[in-house]
Enquirer: 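The structure is given below, and queries will be raised subsequently.
This is a predicted model, so every value here is computed, not measured.
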Amino acid sequence: MKKKVASVSFDWPKGFPNSPLDVESFLIGSVVTNVSRRAKVLSIDLDTGYTLVIHLKMTGQLVFRSPNDNFGAGHPNGSLVGDLPDKSTRVTIKFSDNSTLYFNDQRKFGWIRLLPTTEVPKLDFFKKLGPEPLPNDFTSSIFASRLERRRNSNIKSVLLDQTVVAGVGNIYADESLWGAKINPNTLVRNLSKPKMNNLFTQLRYVLNLAIEKGGSTNSNYVNIDGKRGSYMDFARVFRREGLACPRCQTTIQKTRVAGRGTHFCPNCQRLVK
DNA sequence: CACTTGACCTGTCCGC
DNA sequence: TGCGGACAGGTCAAGT
């Protein structure tokens, strides 16, 4: 159904950084023409030639409700998110059919920008962004050559580098390194070609599994219906420190690599120099 | 230039 | 029970 913006409210000036001052007059009356994703960024195109660009960061939520929806916590279809707006709601966009889009963000790291559609690809982030990992034209040799751009860094931080490959975050970095039996501290220059190929396969496996499971609700993440994702139930190392490695039963450890919590099996994922 | 660290924010958990 | 501090994850600015 056609979604036409009827009203916009936001309690939080930083929610629209670098956007036209009069966000409301730009948005009201505009009609959504397309919704897309690139890396961890969402884009909602409008028929006015403007686009809402959204990043949820860690605790952001984008939840859509129709007037008759009842997805509250006590409901059989219960979601992580109850009645909205709640105290983490930063932006509310109401449509002419009385449906509503809520942008919630507990920690306020996320943002929404309103930009001319033609300006979106010119954002520095998009210009530097690496390829999407899942399309068929992304091959293991392309992956390997992009890793080589940072030969002297540890593989964990390179996986997290959005200019190398788009969209890989902390959870799926740890999970794919476990799958490929690679220690997170391994320098890229010490990774053999077979290991890189293995990592390529494991990364795509983990991402596809996560999509199938609706993502990872480590804390706040929910889908557009406000429902949590279940990948964490299938995680093999992430947040499983102190538990047995599913492959060899060795106790999983947690350390810090690239400034992030990092989980690995000290037996399966030995450091190769 | 390549690479690492700190800031951004708030809620939760842990120890005293 | 209260309170301080560590911690969580994604990106960018600032530092080495």
Enquirer: Given atom NZ of A:Lys108 and atom C1' of C:dC12, what is their separation to the nearest angstrom?
Expert: 20 Å
Enquirer: Find which nucleotide of DNA chain B each of A:Ala258 and A:Met58 is nearest to by heavy atoms, and output the residue with the more 5' nucleotide.
Expert: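 Looking at the nearest nucleotide for each, A:Ala258 comes out on the 5' side.
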Enquirer: Heavy atoms under 4.0 Å, any strand shown: does A:Gly169 hit a base, just sugar-phosphate, or nothing?
Expert: sugar-phosphate
Enquirer: Do the ring planes of A:Phe143 and A:Phe138 sit parallel (below 30°), tilted (30 to 60°) or perpendicular (above 60°)?
Expert: perpendicular
Enquirer: What is the separation between atom CG on A:Leu56 and atom C1' on C:dG10, rounded to the nearest whole Å?
Expert: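 Going from A:Leu56 (CG) to C:dG10 (C1'), I get 11 Å.
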Enquirer: Starting at CG of A:Asn218 and ending at C1' of B:dG11, how long is that distance when rounded to a whole Å?
Expert: 14 Å
Enquirer: Using whole Å, report how far CG of A:Asn185 lies from P of B:dC3.
Expert: 15 Å
Enquirer: Taking the minimum atom-to-atom distance to the side chain of A:Ser153, which one of C:dA8, C:dT11, B:dT4 wins?
Expert: B:dT4
Enquirer: Among C:dT11, B:dT4, B:dG11, which is the nearest nucleotide to the side chain of A:Gln106?
Expert: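 Of the options given, the side chain of A:Gln106 lies nearest B:dG11.
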Enquirer: Check every strand shown and say whether A:Asn152 touches a base, only sugar-phosphate, or nothing at a heavy-atom separation below 4.0 Å.
Expert: sugar-phosphate
Enquirer: If you measure from the P atom in B:dG6 to the same atom in C:dA6, how many Å do you get, rounded?
Expert: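 Straight-line distance between the two P atoms is 13 Å.
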Enquirer: For C:dG10, take OP1 and OP2 only and decide whether either is under 4.0 Å from a side-chain N or O of A:His55.
Expert: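 So the side chain of A:His55 is outside the cut-off, no N or O lying under 4.0 Å from OP1 or OP2 of C:dG10.
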Enquirer: Tell me the interatomic distance from A:Arg149, atom CZ, to B:dA2, atom C1', rounded to whole angstroms.
Expert: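 The distance from CZ of A:Arg149 to C1' of B:dA2 comes to 12 Å, rounded to the nearest Å.
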Enquirer: For B:dC1 versus C:dT11, give the span between their P atoms, rounded off to a whole number of Å.
Expert: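 Per the computed distance, 23 Å lies between those P atoms.
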Enquirer: Whole angstrom is fine here: how far is it from CG in A:Leu187 over to P in B:dT4?
Expert: 9 Å
Enquirer: Does A:Gln162 have a side-chain nitrogen or oxygen under 4.0 Å from the phosphate oxygens OP1 or OP2 of C:dT11?
Expert: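 Answer is yes, contact under 4.0 Å.
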Enquirer: About how many Å separate CZ of A:Phe64 and OG1 of A:Thr100, when rounded to the nearest 0.5 Å?
Expert: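 One gets 7.5 Å once the value is rounded to the nearest 0.5 Å.
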Enquirer: Between the main-chain N or O of A:Arg260 and the side-chain N or O of A:Thr262, is there a donor-acceptor pair closer than 3.5 Å?
Expert: yes
Enquirer: So if I take every side-chain heavy atom of A:Lys57 and compare against C:dA8, B:dG11, C:dT11, which nucleotide ends up nearest?
Expert: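 Looking only at side-chain atoms, A:Lys57 lies closest to C:dT11.
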Enquirer: Counting only side-chain heavy atoms from C-beta out, which of C:dG10, B:dT4, C:dA8 sits nearest to A:Arg256?
Expert: C:dA8
Enquirer: Measure from CG on A:Asn220 to P on B:dG11 and round the result to the nearest Å.
Expert: 10 Å
Enquirer: Report yes if some heavy atom in the side chain of A:Leu243 is under 4.5 Å from a heavy atom in the side chain of A:Thr251; otherwise report no.
Expert: no
Enquirer: Choose from C:dG10, B:dT4, C:dC12 the nucleotide whose nearest atom is closest to any side-chain atom of A:Phe125.
Expert: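 From the listed options, C:dC12 comes nearest.
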Enquirer: In whole angstroms, how far is the P atom of C:dC12 from the CZ atom of A:Phe109?
Expert: 14 Å
Enquirer: Look at all strands and tell whether A:Phe238 reaches a base, only sugar-phosphate, or nothing, counting heavy atoms closer than 4.0 Å.
Expert: sugar-phosphate
Enquirer: Distance-only, no hydrogens or angles: does the A:Thr201 side chain make a donor-acceptor pair with backbone N or O of A:Asn197 under 3.5 Å?
Expert: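 Indeed, once roles are kept as given, a pair shorter than 3.5 Å links the two residues.
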Enquirer: For the residue pair A:Asp45 / A:Thr33, report whether a side-chain donor-acceptor contact shorter than 3.5 Å exists.
Expert: no
